[in-house]
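For reference, the structure discussed in these notes is given below.
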Amino acid sequence: MNKLPILFILLFSSSFAQNYFPISEGEIVSHSHYTLSYNEDYEQAEWVYYELTKPMVYGHTPRRNNFRTDPNVSSGTAQKQDYYKSGFDRGHLAPAGDMKISERSMSESFYFSNISPQYPSFNRGVWRELETLVRAWVSEEGDVHVVTAGVLSDVNNYIGLNRVGVPSQFYKIIYSDINHKMIGFIMPNRNIDGELDQYVVTVDYIENITGIDFFSQLDDKIESLLESNINIDEWDFNAKFKSYGEKSDKSLSKRCNGIAKSTGLQCKNSTRNTNGYCHHHVNQSNDYLHSNSFKQNRDRKST
C-alpha cells in the first residue's frame with residue numbers, strides 16, 4: 001500500500017530534473033553522463049553539455065586512456081591516426097576528471113566525439129586549471145550545468161586524413177540553477193598566462209561567435225539578464241578542489257571584506273591576504289587607501 005506514494009514522489013521529483021541542451025544544427029548524441037552536438041565538417045563536437053554533480057567529481061574510477069571512435073555518431077568520428085605526430089593533445093571537452101562516477105562514464109569520455117585538438121601547453125595548463133576550478137565550485141556550492149567546446153567558426157588549421165579542425169579558441173559556460181548565476185569563458189588555444197578571470201566574457205558574446213543558442217529553456221527575462229552580464233564577484237576564483245580526506249585550509253583564508261559593485265553585497269571570494277580583501281577589491285582596503293593618500297600628499301608636497 002505504501003509503494004504508490006513512494007513511486008509518485010519519485011516520478012514527481014524526477015520531473016524537475018532540467019536539461020539545458022543548446023540549440024544548433026549538429027547531430028545530437030547522448031552518453032550516460034554527457035550529451036553533444038557533432039559537427040561533421042570539423043570532426044568534433046560544437047558543444048558538449050552535462051550537469052556536474054558532487055558524486056561525479058568525487059568518484060573513484062581511475063583514468064584509462066581508451067581513445068577510440070564514437071559508435072553513436074552516424075557519420076563517423078576522428079581516429080587515433082589523425083592526432084599521431086600532429087603536435088596536438090587529444091583534449092577532452094567533458095574532462096575525464098568530471099566522469100569518475102563510473103567505469104562507463106570514464107570510458108565514454110575518451111570517444112573522439114568528445115575530443116578536440118589542443119596545444120599541450122594549453123590543455124595541460126590554463127584549460128586544466130579552469131576544469132579544476134569548476135570542480136571546486138561544485139564541491140563548495142553544489143551542482144552546475146556545463147557547456148563547452150572549441151569555437152568552430154574560428155578554425156584555420158586541420159590535422160589528419162579526416163581533416164580534424166583545430167579551434168583557435170575554446171569556450172566554457174557554467175550555470176548554477178541553485179544560486180541563479182552564470183559565467184562564460186573564452187580562451188585562446190595556446191600557452192597563456194594570467195588569472196582565469198581575465199578570460200571571462202558574457203554568454204551573449206559566446207553565442208555571437210559560435211552561432212549557438214545556450215540555455216534557451218530559461219525564462220526569457222532571466223536568460224537575457226544572465227547572458228548579458230559579467231558578475232565575476234559572484235564566483236570564488238580562489239576556491240580549491242579538495243579530494244576526500246584532504247584537510248581543509250580554511251584557517252588560512254576568509255571571506256573577502258569587499259563590496260561587489262554589481263550587487264552591493266559582500267564579495268563571495270575567499271582570500272588569504274592579510275588585509276582581508278581579494279585581488280578584485282584590494283582597492284577598498286584601508287592599507288590601499290592609506291598608501292594612495294600618502295602618495296597623493298607626497299606628490300602635492302613635491303610640486
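As the structure is a prediction and not an experimental result, all values here were calculated from the model. In what follows, residues are counted from 1 in the order of the sequence shown.
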Mind listing the side-chain donor-acceptor pairs of residues 94-103 below 3.5 Å, one per line with the distance, residues two or more places apart or on another chain?
unit_1: Asp98; atom_1: OD1; unit_2: Arg135; atom_2: NH1; d: 2.6
unit_1: Asp98; atom_1: OD2; unit_2: Tyr50; atom_2: OH; d: 2.6
unit_1: Lys100; atom_1: NZ; unit_2: Val57; atom_2: O; d: 3.3
unit_1: Ser102; atom_1: OG; unit_2: Ser105; atom_2: N; d: 3.0
unit_1: Ser102; atom_1: OG; unit_2: Ser105; atom_2: OG; d: 3.0
unit_1: Glu103; atom_1: OE1; unit_2: Arg64; atom_2: NH1; d: 2.9
unit_1: Glu103; atom_1: OE2; unit_2: Arg64; atom_2: NH1; d: 3.3

Exercise for review: Classify the side-chain pair Ser37/Ser24 by whether it contains a donor and acceptor separated by less than 3.5 Å.
Suggested key: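 Yes, side-chain donor-acceptor contact under 3.5 Å.
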
Do [X] and [Y] belong to the same hydrophobic cluster, where Ile, Leu, Val, Met, Phe, Trp and Tyr are linked whenever their side-chain heavy atoms lie under 4.5 Å apart, directly or via other members?
X	Y	answer
Tyr119	Ile192	yes
Leu196	Ile232	yes
Ile186	Val48	no
Val201	Met187	no

Check your understanding: Are Leu152 and Gln44 side-chain neighbours, meaning at least one heavy-atom pair lies under 4.5 Å?
Key ->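 Contact flag for Leu152/Gln44 side chains = yes.
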
Check your understanding: Between Ile174 and Leu52, is any pair of side-chain heavy atoms under 4.5 Å apart?
Key ->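 A side-chain contact under 4.5 Å is absent here.
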
Review point. Quick check, are the ring centers of His145 and Phe215 under 6.0 angstrom apart?
Key: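 Centroid separation for His145 and Phe215: 6.0 Å or greater.
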
Practice item. Start with the C-alpha gap between Phe185 and Tyr199, add the side-chain angles, then the distance that decides, and say whether ring pair (Phe, Tyr, Trp, His ring centres under 6.0 Å) holds. Key: CA-CA 5 Å; Phe185 295 84; Tyr199 302 97; 8.4 Å; no

**Study point:** Qualifying residue for ring-ring contact (aromatic ring centres under 6.0 Å, His included) with Phe214, from Tyr175, Tyr171, Tyr205
**Key:**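 Considering Tyr175, Tyr171, Tyr205, a ring-ring contact (aromatic ring centres under 6.0 Å, His included) with Phe214 is found only for Tyr171.
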
Review point. Where does the angle between the aromatic ring planes of Phe170 and Trp127 fall among parallel (under 30°), tilted (30 to 60°) and perpendicular (over 60°)?
Key: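 Rings of Phe170 and Trp127: tilted, as their planes differ by 30° to 60°.
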
Point to revise | salt bridge (Lys or Arg N to Asp or Glu O under 4.0 Å) partner of Lys181, the single match among Glu227, Glu234, Glu141 | key: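 Option passing the salt bridge (Lys or Arg N to Asp or Glu O under 4.0 Å) with Lys181: Glu141.
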
Practice item. In sequence, state the C-alpha distance, the side-chain angles, and the governing distance for Tyr58 and Phe241, and then conclude on ring pair (Phe, Tyr, Trp, His ring centres under 6.0 Å). Key: CA-CA 10 Å; Tyr58 283 119; Phe241 177 67; 5.3 Å; yes

Check your understanding: Quick check: does any side chain N or O of Tyr34 sit under 3.5 Å from a backbone N or O of Glu108, one acting as donor and the other as acceptor?
Key ->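 Checked: pair present.
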
